[in-house]
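In what follows, a single structure is set out as C-alpha cells and then discussed.
Both counts, for ligands and for their atoms, begin at 1 and track the order of listing.
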Amino acid sequence: MLDTLEKQPILEVRELRKSYGKVKAVDGISFSVREGSCFGILGPNGAGKTTAIEVIETIHKPDSGQILYRGRAVERGFKERIGIQFQDTSLQEFLTVRETLGLFSRLYPDPRPMDEIIAACSLEEFIDRDNRKLSGGQRQRMLLGIALVNDPDLLFLDEPTTGLDPHARRNFWKLIEGIKARGKTVILTTHYMDEAEYLCDEVIVMDHGRIIESGKPRELLLKHFGEAVIRLPGAAIPAGTSFSCPSEAAEGFVALRCDDVDASLRELVAKGVELGGISVERRNLDDLFLKLTGYGLE
Ligand code: ATP
C-alpha cells in the first residue's frame with residue numbers, strides 16, 4: 001500500500017552505459033532518486049561517478065540506457081532546467097561575485113531573485129569582491145549560487161567540498177540542508193564519507209563503473225556491521241558467561257557484535273559483568289567504503 005502511495009521518483013536511471021575506448025566508465029547502472037532527498041554517489045577515484053552524472057546531465061551521450069526525469073525521457077535542454085556545480089569551473093575574470101551571478105542569471109528567462117540566492121548561499125560578506133579573490137569555501141558558495149540561478153528542482157553537486165577546511169565544509173553542509181528544506185533534490189558525489197553520512201538519505205557505491213551497494217547509510221551500516229561493537233576487558237566477565245550476540249576474545253578483551261546496544265547492556269548487567277572498562281564503537285561509512293571497495297588495509 002505504501003509503495004502505491006509513494007510519489008514517482010524525480011529521476012530514474014536504467015541500465016546506463018558509457019565507455020571510452022576499452023574503459024567501461026559506466027557499466028550498466030540503474031537507480032532512482034526520490035524528490036526532496038539527497039542522493040549520494042560514492043566510490044574510489046576512477047569509479048565512474050563523474051561520467052555517470054555528466055551523462056545524466058546530458059553533457060555526454062550515453063552508449064545505451066535510459067534517463068527519466070519525472071517519468072519522461074530527458075531530452076535536449078534538460079541541462080538548462082537543472083542546477084550543476086562542476087568540480088572545476090572557469091569564470092570570466094575581472095567580475096565581482098554579484099556581477100558573475102548577474103551574468104549567469106541573464107541566461108535564463110525567469111531567474112531566481114539575486115537577493116534570495118545571496119541569502120541561500122551566505123554570499124553577503126564578499127558579494128562585491130573580485131571573483132578571483134575568494135577563499136576556497138567562498139568560491140564553492142559562489143558556484144553553488146550559480147547552480148541555483150534558474151531555481152532548479154534538481155541540483156547536481158560534484159565533489160563540492162573537496163579541499164575545504166572542516167569549518168568551511170560544515171558551513172557548506174548547512175547550505176545544502178537549506179536547499180533540501182525547500183523541497184529540492186540534491187545529487188552529490190563526494191569522497192568524504194562523513195559528508196555522505198550527514199547529508200545523504202540514500203547512497204550508491206560505485207566501483208569499476210558498476211553499483212556494488214546501495215541503500216540508506218544507516219541501514220547499510222546495520223547490514224554490514226550490526227549496530228555496534230561492545231568491547232570490554234575479559235577480566236570484567238564472570239567465568240563461564242556466554243552471550244546472546246556473537247563474541248570474540250583477543251588480547252585480553254572481548255568484543256560483542258550487537259544489533260541492539262540497549263538490550264546488550266542490560267544483558268551484561270544481568271550477568272554480573274563489570275562495566276567500568278567498557279567501550280561502545282560504531283562503524284561508519286568510511287569502514288563500509290573500505291570493506292566494499294577493498295582499498296583498506298584489511
Ligand atoms: P574521481 O573520483 O577521481 O573524480 P570518478 O569516479 O568521477 O573519479 P570518472 O572521472 O567518471 O571517475 O572516470 C571513470 C573512468 O573513465 C576512468 O578510468 C577515467 O580514466 C575514464 N574517463 C573519464 N573520462 C574520460 C575521457 N573523456 N576519455 C577517456 N577516459 C575517460
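Among protein heavy atoms, the minimum distance from atom 13 (O) of ligand 1 is reached at Thr51 OG1, 3.8 Å. Scanning all protein heavy atoms for the shortest distance to atom 27 (N) of ligand 1 gives Tyr20 CE2, 3.6 Å. Counting protein heavy atoms only, atom 8 (O) of ligand 1 is closest to Gly46 N, 2.8 Å. Nearest protein neighbour of atom 4 (O) of ligand 1, counting heavy atoms only, is Glu159 OE2, 3.4 Å. Looking only at heavy atoms of the protein, atom 3 (O) of ligand 1 is closest to Asn45 ND2, 2.8 Å. Looking only at protein heavy atoms, the nearest one to atom 19 (C) of ligand 1 is Val23 CG1, 4.9 Å.
Per-atom contact check: atom 29 (C) of ligand 1 touches the protein, criterion being a heavy-atom distance below 4.0 Å.
By the 4.0 Å N-to-carboxylate-O rule, Asp201 lies too far from Lys216 to be salt-bridged with it. Remark: Lys223 does not engage Glu219 in a salt bridge, criterion side-chain N to carboxylate O under 4.0 Å. Taking 4.0 Å as the cut-off between side-chain N and carboxylate O, Arg98 and Asp115 do not count as a salt-bridged pair.
Considering both main-chain and side-chain atoms, Gly43 never comes within under 3.5 Å of ligand 1 through any nitrogen or oxygen pair. The shortest N or O to N or O distance between Ala47 and ligand 1 is below 3.5 Å.
Judged by a 6.0 Å distance limit and a 45° cone about the ring axis, Arg283 is positioned over the six-membered ring of Phe225.
Atoms of ligand 1 found under 4.0 Å from any heavy atom of Pro44 (numbered from 1 in listed order, with element): 6 (O). Every atom of ligand 1 with a heavy atom of His191 under 4.0 Å away is listed here by number and element: 2 (O).
Using a 4.0 Å heavy-atom cutoff, Met206 is absent from the residues neighbouring ligand 1.
In this structure, the separation between CZ on Phe126 and CG on Asn131 is 11.0 Å, given to the nearest 0.5 Å.
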Requested in this report: Give the intermediate values and the outcome of salt bridge (Lys or Arg N to Asp or Glu O under 4.0 Å) for residues Lys180 and Glu177.
Outcome: CA-CA 5 Å; Lys180 260 186 76 185; Glu177 284 185 309; over 6 Å; no
Requested in this report: Decide side chain to side chain contact (heavy atoms under 4.5 Å, CB included) for Cys121 and Met142; before the verdict, give the C-alpha distance in whole Å, the side-chain angles of both, and the deciding distance to 0.1 Å.
Outcome: CA-CA 7 Å; Cys121 301; Met142 176 184 66; over 6 Å; no
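Thr51 places a side-chain heavy atom less than 4.5 Å from the side chain of Tyr20. Two residues are said to be in side-chain contact when any heavy atoms from C-beta on lie closer than 4.5 Å; Ser122 and Leu175 meet this criterion. In this structure the side chain of Ile146 never reaches within 4.5 angstrom of the side chain of Phe86, judged on heavy atoms.
Taking each of Thr189, Thr190, Thr50 in turn, the one with a heavy atom nearest to atom 10 (O) of ligand 1 proves to be Thr50. Closest to atom 16 (O) of ligand 1 by heavy atom, among Gly48, Gly21, Ser19, Ala25, is Ala25. The nearest non-hydrogen atom to atom 6 (O) of ligand 1, considering only His208, Glu54, Lys49, His60, comes from Lys49.
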